[in-house]
Protein chains: 2
Amino acid sequence: MLTRADAEAFDRDDPLKDRLSAFERTRGLYLDGHSLGPPTRRALLRLERTAREEWSERLVGAWNDDGDGGWIDLPARVGAKIARLIGVPPDDVAVSDSVSVNLFKLAAALLPPGKAIAVYEGEFPTDDYVMQGLASLVGAPLIRLASGAPLAGRTIGVLIKSAVDYRTAAAADIARFEAVAREIGAFVIWDLSHATGVLALDLARDGARFAVGCGYKYLNGGPGAPAFLYCMRSEAERLKNPISGWFGHAAPFDFTPDYRPAPSAKRFLAGTPPILSLAALDAALDVFDGVDMRAAEAKAQRLCAVFCTALAASGTDFEIAGGAAWRFDRAALAIRRGAHVGILHKDGYAIIRCLIERGVMGDFRAPNLMRFGFSPLFLRHVDAFDAAQALIDVMRSEAWRDPRFSVKEKVT
Amino acid sequence: MLTRADAEAFDRDDPLKDRLSAFERTRGLYLDGHSLGPPTRRALLRLERTAREEWSERLVGAWNDDGDGGWIDLPARVGAKIARLIGVPPDDVAVSDSVSVNLFKLAAALLPPGKAIAVYEGEFPTDDYVMQGLASLVGAPLIRLASGAPLAGRTIGVLIKSAVDYRTAAAADIARFEAVAREIGAFVIWDLSHATGVLALDLARDGARFAVGCGYKYLNGGPGAPAFLYCMRSEAERLKNPISGWFGHAAPFDFTPDYRPAPSAKRFLAGTPPILSLAALDAALDVFDGVDMRAAEAKAQRLCAVFCTALAASGTDFEIAGGAAWRFDRAALAIRRGAHVGILHKDGYAIIRCLIERGVMGDFRAPNLMRFGFSPLFLRHVDAFDAAQALIDVMRSEAWRDPRFSVKEKVT
């Protein structure tokens, strides 16, 4: 039986506990870090500095590098910070656009003529949508693979694959996928949106060559923060960014008539990046300075385990998305997962609304998925324990049946 | 002979003089509004509110519309504000991504099979670069038209055309281009980047169906502010956004497997927009509330005329980009132009550096173009007069020949 005292003991031994104070205090228990990370104090201050000192005072001059680095190099500087978190060389990541646009650019650049784009059923919807658009534009077949279907023997040019499933949090075995993809001559583009910042990713070791991911979830970069794109250096040289805007040019301010791509992932930049949003992301990433990502992953898994173990001990039946209940034992922890827990319930919408009123913020995804995110940098183990107790209480008391919780709002 | 007293008289009669105080004060004379507009006080306050109240306190809940409008509707709400400035219905403009990405999306959606993409020589470089990428992706021919070359008789699917030339500020006759384009069955995508906010655009009257433009120049939306995209409603229905991300979906949060495009220009949204940057743009646009764009255009033209007339009276020979010197007489004012003045000089780089040291900020574009922007909302006629005197003095004294002004920095 896991007690609150056990959770407190985990907190005392938490190697990441010094990070908690880097964040603006939020009211209640914020379990939506998998959707929108909260701001660090440093990110808020940086945003003010960028607006009040750079934009207001240096104005257009702030683009220039005056030794401290100008706006012009931000996509590369931020990329280098993210590169460490995913285990690739600093120059191989560029920050730009949205995940949707980055997926499009990479997939369009990679797709060999006559080959298909493949997406697993149940993939994050926008990834699938974007591939529908690309397939239609270039006349390529789009294959929807059944969950768990093997790749071997198929004619696939590009496979889009989330490293962590947005519903179940199941983590893909990147090395295994890459090995099979190489056998069949396919390129995998990893969507790291639900993985970056909570898994000790090592893309170089695992042979991953291409990836995209978002800046606003566990990286806490702010709402709609620019996304990132990873392209292995040796592959970049031969790839054409279809949206060949000036920021991907080797010398954007030479204003030459012909596009000449930058070396490295930087060629996948396109138009002028949104600097205010990018500056916030840049500063947000500093909270990862000195963080051993293996410790971050271990803590994320432990937070989820505390939550699930407390739920399992309640006697109330919770259907954990992805099948097996995720208990606090070594066997369950051996399954590698992301940092959120999905729970299926046909009235999940009302349950989430009811919890929010009690100060426990989770989210809901149609048609029946409740999600609770356990970001390792701003949450304590007692938070995971208390969140479970709140959910147990809402289910036992049936408080969520109050009709006001069923009135639909847009939920993100 | 135009005197400073004449410029002061223009300022007294200026119908837009109440707008000057909406802006944060900048040091010196800021003539770079055609590159990066300065912040309004309102934009800075809004950015702080979005960061400190919405992101920090409402967190993920701020996406939802609680009556005051949530982040989710910002791309449409900001689009409606821009729609008025360009003379189209409010629902026909969406705000998203960068100019490069928006050009790509529209051109890819419009290009009929077998037809060519056309761009004029000397078009803004990134527009041409992006079309090189699209042409290569879909295997379409890319035609570079000589300046002034007629369209009639050509097999063109899509023409990209700046409404205001980034060098000469020459304004295109939109209605005339559209008439010819319809005759040859081509679609024109107008790049309004150097036109929006300084010309009384009336795209609906002129028959323009498609346009893109940037938010960070005369709209003062902040560095790299999101761009806009205009698509006439009756055309939108048949067009496929190739980057069909979830924000362009009719119901993004239904998480349906198949992409179903939103009606109207909103289908050209793609991924999650950068909210911090978008909020700043939203508030920045309020400075245009109640501004008659004909008055804004008239003032911009008059500011340019004051500058050029003062230069012409100096006896120093200035080569105005685009040919005819732009004097302060009725004949010259009958030529419709944007709000910047380009001056050609092989040592333009050093001259601009020298002027910046004297507090007059213009910009330089390789190989030999100096630009001075005369935004009608934050500049006075005496500013235009004083800027001319500073330039005349730098040329007469040859102060720019000091070698320190030739040391190259990146200039944006």
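In the text below, chain A, chain B and the rest are named by the order of the sequence lines, each starting its count at 1. Heavy-atom basis, side chains included; hydrogens, waters and symmetry copies ignored.
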(message) Quick one, Tyr30(A) with Val60(B), criterion side chain to side chain contact (heavy atoms under 4.5 Å, CB included). Give me CA distance, side-chain angles, the key distance, then yes/no.
(response) CA-CA 9 Å; Tyr30(A) 188 65; Val60(B) 75; 3.4 Å; yes
(message) I'd like to know which of Thr256(B), Asp254(B), Val138(B), Val99(B) tops the heavy-atom pair count under 4.5 Å against chain A.
(response) Thr256(B)
(message) For Phe104(A) together with Phe104(B), are the ring centres under 6.0 Å from each other?
(response) yes
(message) Between Ser277(B) and Ser277(A) (side chain of the first, backbone of the second, donor and acceptor by atom type, cut-off under 3.5 Å), is there such a pair?
(response) yes
(request) Decide yes or no on side chain to side chain contact (heavy atoms under 4.5 Å, CB included) for Leu47(B) and Leu276(A), but give the supporting numbers first. (result) CA-CA 9 Å; Leu47(B) 190 60; Leu276(A) 299 171; 4.0 Å; yes
(request) Please test Trp55(A) against Leu36(B) for side chain to side chain contact (heavy atoms under 4.5 Å, CB included), starting from the C-alpha separation and ending with a verdict. (result) CA-CA 9 Å; Trp55(A) 181 18; Leu36(B) 173 67; 4.0 Å; yes
(message) Report which part of Pro274(A) has an atom under 4.5 Å of a heavy atom belonging to chain B: side chain, backbone, both, or neither.
(response) both
(message) Under 4.5 Å from any heavy atom of chain A, what part of Ala43(B) do you find: side chain, backbone, both or neither?
(response) side chain
(request) Count the heavy-atom pairs under 4.5 Å between each of Pro223(A), Pro273(A), Gly122(A) and chain B, then report the option with the highest count. (result) Pro223(A)
(message) Shorter than 4.5 Å, heavy atoms on both sides: which option in Ala270(B), Ser100(B), Gly271(B), Ser244(B) has the most such pairs with chain A?
(response) Ser244(B)
(message) Does this structure show an ion pair linking Asp258(A) with Arg144(B), if we count only N-O contacts that are shorter than 4.0 Å?
(response) yes
(request) Name the member of Gly224(A), Ala279(A), Pro252(A) that forms the most heavy-atom pairs with chain B at distances under 4.5 Å. (result) Gly224(A)
(message) Counting heavy-atom pairs under 4.5 Å with chain B, which one of Leu281(A), Val130(A), Asp128(A) comes out on top?
(response) Val130(A)
(request) Could you tell me which of Ile275(A), Leu59(A), Thr50(A) has the largest number of non-hydrogen atom pairs under 4.5 Å with chain B? (result) Leu59(A)
(message) Counting only non-hydrogen atoms closer than 4.5 Å, does Tyr216(A) touch chain B with its backbone (N, CA, C, O), its side chain (CB onward), both, or neither?
(response) side chain
(request) Could you tell me whether a side-chain N or O of Trp246(B) sits under 3.5 Å from a main-chain N or O of Asp127(A), the two making a donor and an acceptor? (result) no
(message) For the CZ atom of Arg27(B) and the CZ atom of Arg58(A), what is their distance to the nearest 0.5 Å?
(response) 10.0 Å
(request) Name the option with the most non-hydrogen atom pairs under 4.5 Å to chain B; the candidates are Ala366(A), Gly245(A), Pro242(A). (result) Pro242(A)
(request) Specify which of Pro38(B), Gly133(B), Ser98(B), Pro39(B) makes the most heavy-atom pairs with chain A at under 4.5 Å. (result) Pro39(B)
(request) Would you mind checking which part of Pro125(A) comes under 4.5 Å of any heavy atom in chain B, side chain (CB onward), backbone (N, CA, C, O), both or neither? (result) side chain
(message) For Glu48(A), is there an ion pair with Arg52(B) - N to carboxylate O distance below 4.0 angstrom?
(response) yes
(request) For each of Lys105(B), His249(B), Lys240(B), tally heavy-atom pairs with chain A at distances under 4.5 Å, and name the one with the top tally. (result) His249(B)
(request) Tell me, with the steps shown, if Ser56(B) and Leu44(A) meet side chain to side chain contact (heavy atoms under 4.5 Å, CB included). (result) CA-CA 9 Å; Ser56(B) 295; Leu44(A) 293 176; 3.5 Å; yes
(message) Just so I know, are the side chains of Ile243(B) and Leu134(A) near enough to count as touching, which here means a heavy-atom distance under 4.5 Å?
(response) no
(message) Under 4.5 Å from any heavy atom of chain B, what part of Ala280(A) do you find: side chain, backbone, both or neither?
(response) side chain
(message) Taking every non-hydrogen pair under 4.5 Å, which of Gln132(B), Arg260(B), Met361(B), Glu24(B) racks up the most with chain A?
(response) Gln132(B)
(message) Between Phe124(B) and chain A, with a heavy-atom cut-off of 4.5 Å, which part of the residue counts as in contact: side chain, backbone, both or neither?
(response) side chain
(message) For the CZ atom on Arg42(B), are there more than 12 heavy atoms of other groups (residues, nucleotides or ligands in this structure) within a distance under 6.0 Å?
(response) no
